[in-house]
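Scroll down for the structure; my scribbles are underneath it.
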Amino acid sequence: MQRIDKIITILRKNSADSSTALRYKKPFELLVATILSAQCTDERINKLTPGLFKKYKGPAAFAGANVAELEKDVRSAGFYRNKSRNIIGASQKIMKDFGGRVPENMEALLTLPGVARKTANIVLSSSFRKAEGIAVDTHVKRLSGRLSLSKANNPEKIEKDLMKIIPKKDWLDFNYLLVNHGRKICHARKPLCRECRLNHLCHSFGKMV
DNA sequence: CTCCCGATAT
DNA sequence: ATATCAGGAG
């Protein structure tokens with residue numbers, strides 16, 4: 001068994017809870033939630049999205065939203081000016097160019113304002129079960145470095161490295177497996193290496209503070 | 001490389 | 001009061 005397969009097997013075995021993941025009912029809701037989640041936690045987004053999606057029912061509603069009002073509605077997510085503009089812009093483009101549906105491929109998703117590869121990969125994998133890439137967020141970046149899965153600093157380079165070594169059947173789950181482990185054990189500042197189920201496979205074990 | 005920004009934990 | 005959290009665009 002390859003090292004990467006051992007890592008993924010162990011992570012699967014220990015990833016019972018997905019309680020911290022973004023909550024959504026439709027692809028469009030996941031898209032909006034993911035745009036909002038930039039630089040802030042999923043738990044915070046989950047607090048505001050139920051009310052948000054009750055007020056704005058879909059892309060048509062967001063496309064016609066008042067900017068100042070939407071800014072207030074998403075204020076608690078931080079970066080609320082950018083995020084409001086992006087959500088309205090993305091919604092308008094979805095209505096205009098994609099028939100009111102969230103596009104189901106990377107190239108089209110990347111044309112939406114506020115959507116780069118991380119957000120596109122989350123929507124593709126979680127909502128459409130399509131593996132065009134691997135979502136690299138701060139957790140994937142950090143853990144990939146510690147586990148020596150990639151030496152790169154740039155998220156896009158990290159993603160390319162991961163796509164070479166992660167079996168494609170695991171692409172859909174890889175992001176949340178690392179995110180869960182990052183949140184529970186492999187913290188940015190004080191990782192709990194002693195209780196980490198991966199420590200015997202980790203090149204950073206013993207090197208952390 | 002700089003700007004965009006609030007909530008929660010300590 | 002201060003640290004921590006954790007993407008995208010120009």
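Note that this is a predicted model, so its numbers are computed, not measured. Lettering follows sequence order; numbering is per chain, from 1.
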Nearest whole Å is fine: how far is [N] [atom2] from [X] [atom1]?
{"X": "A:Lys190", "N": "B:dA9", "atom1": "NZ", "atom2": "P", "result": "14 Å"}
{"X": "A:Asp137", "N": "C:dT4", "atom1": "CG", "atom2": "P", "result": "19 Å"}
{"X": "A:Asn82", "N": "B:dG6", "atom1": "CG", "atom2": "P", "result": "12 Å"}
{"X": "A:Tyr80", "N": "C:dA6", "atom1": "OH", "atom2": "P", "result": "22 Å"}
{"X": "A:Lys83", "N": "B:dC3", "atom1": "NZ", "atom2": "P", "result": "18 Å"}
{"X": "A:Ile88", "N": "C:dA9", "atom1": "CD1", "atom2": "P", "result": "16 Å"}
{"X": "A:Ile134", "N": "C:dG7", "atom1": "CD1", "atom2": "P", "result": "16 Å"}
{"X": "A:Ile35", "N": "C:dG8", "atom1": "CD1", "atom2": "P", "result": "9 Å"}

Heavy atoms of other groups near [X] [atom1], more than 12 under 6.0 Å:
{"X": "A:Lys160", "atom1": "NZ", "answer": "no"}
{"X": "A:Arg101", "atom1": "CZ", "answer": "no"}
{"X": "A:Lys55", "atom1": "NZ", "answer": "yes"}

Return the 5'-most residue of the pair A:Thr138, A:Asn86 with respect to DNA chain C, ranking by each residue's nearest nucleotide.
-> A:Thr138
Between A:Val115 and A:Arg44, the residue closer to the 5' end of DNA chain C by nearest nucleotide is A:Arg44
Picking from [options], which would you name as closest to the side chain of [X]?
{"X": "A:Arg75", "options": "C:dG7, C:dG8, B:dG6", "result": "B:dG6"}
{"X": "A:Ala38", "options": "B:dG6, C:dC5, C:dG7", "result": "C:dG7"}
{"X": "A:His139", "options": "C:dA6, C:dG8, B:dG6", "result": "C:dA6"}
{"X": "A:Arg81", "options": "B:dG6, B:dC4, C:dC5", "result": "B:dC4"}

Taking only side-chain N and O atoms of [X], does any of them lie within less than 4.0 angstrom of OP1 or OP2 on [N]?
{"X": "A:Thr119", "N": "C:dG8", "value": "yes"}
{"X": "A:Arg142", "N": "C:dA6", "value": "no"}
{"X": "A:Lys47", "N": "B:dT8", "value": "yes"}

Name the one of A:Asp137, A:Val140, A:Val136 that satisfies side chain to side chain contact (heavy atoms under 4.5 Å, CB included) with A:Pro155?
->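 That would be A:Val136.
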Full working for salt bridge (Lys or Arg N to Asp or Glu O under 4.0 Å) between A:Asp170 and A:Arg12 | CA-CA 10 Å; A:Asp170 297 313; A:Arg12 282 192 195 287; 2.7 Å; yes
Between B:dC3 and C:dA6, how far is it from one C1' atom to the other, in whole Å?
->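 One C1' to the other, the span is 16 Å.
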Please measure how far the P atom in B:dC4 lies from the corresponding atom in C:dT4, and state the result in whole Å.
-> 23 Å
Describe the nucleic acid contact of A:Ala188 in one word from base, sugar-phosphate, nothing, applying a heavy-atom distance below 4.0 Å.
-> sugar-phosphate
With a 4.0 Å cut-off on heavy atoms, is A:Pro113 in touch with a base, just the backbone sugar-phosphate, or nothing at all?
-> sugar-phosphate
Classify the ring geometry between A:Phe53 and A:Phe62 as parallel (under 30°), tilted (30 to 60°) or perpendicular (over 60°).
->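 Plane angle over 60°, so perpendicular.
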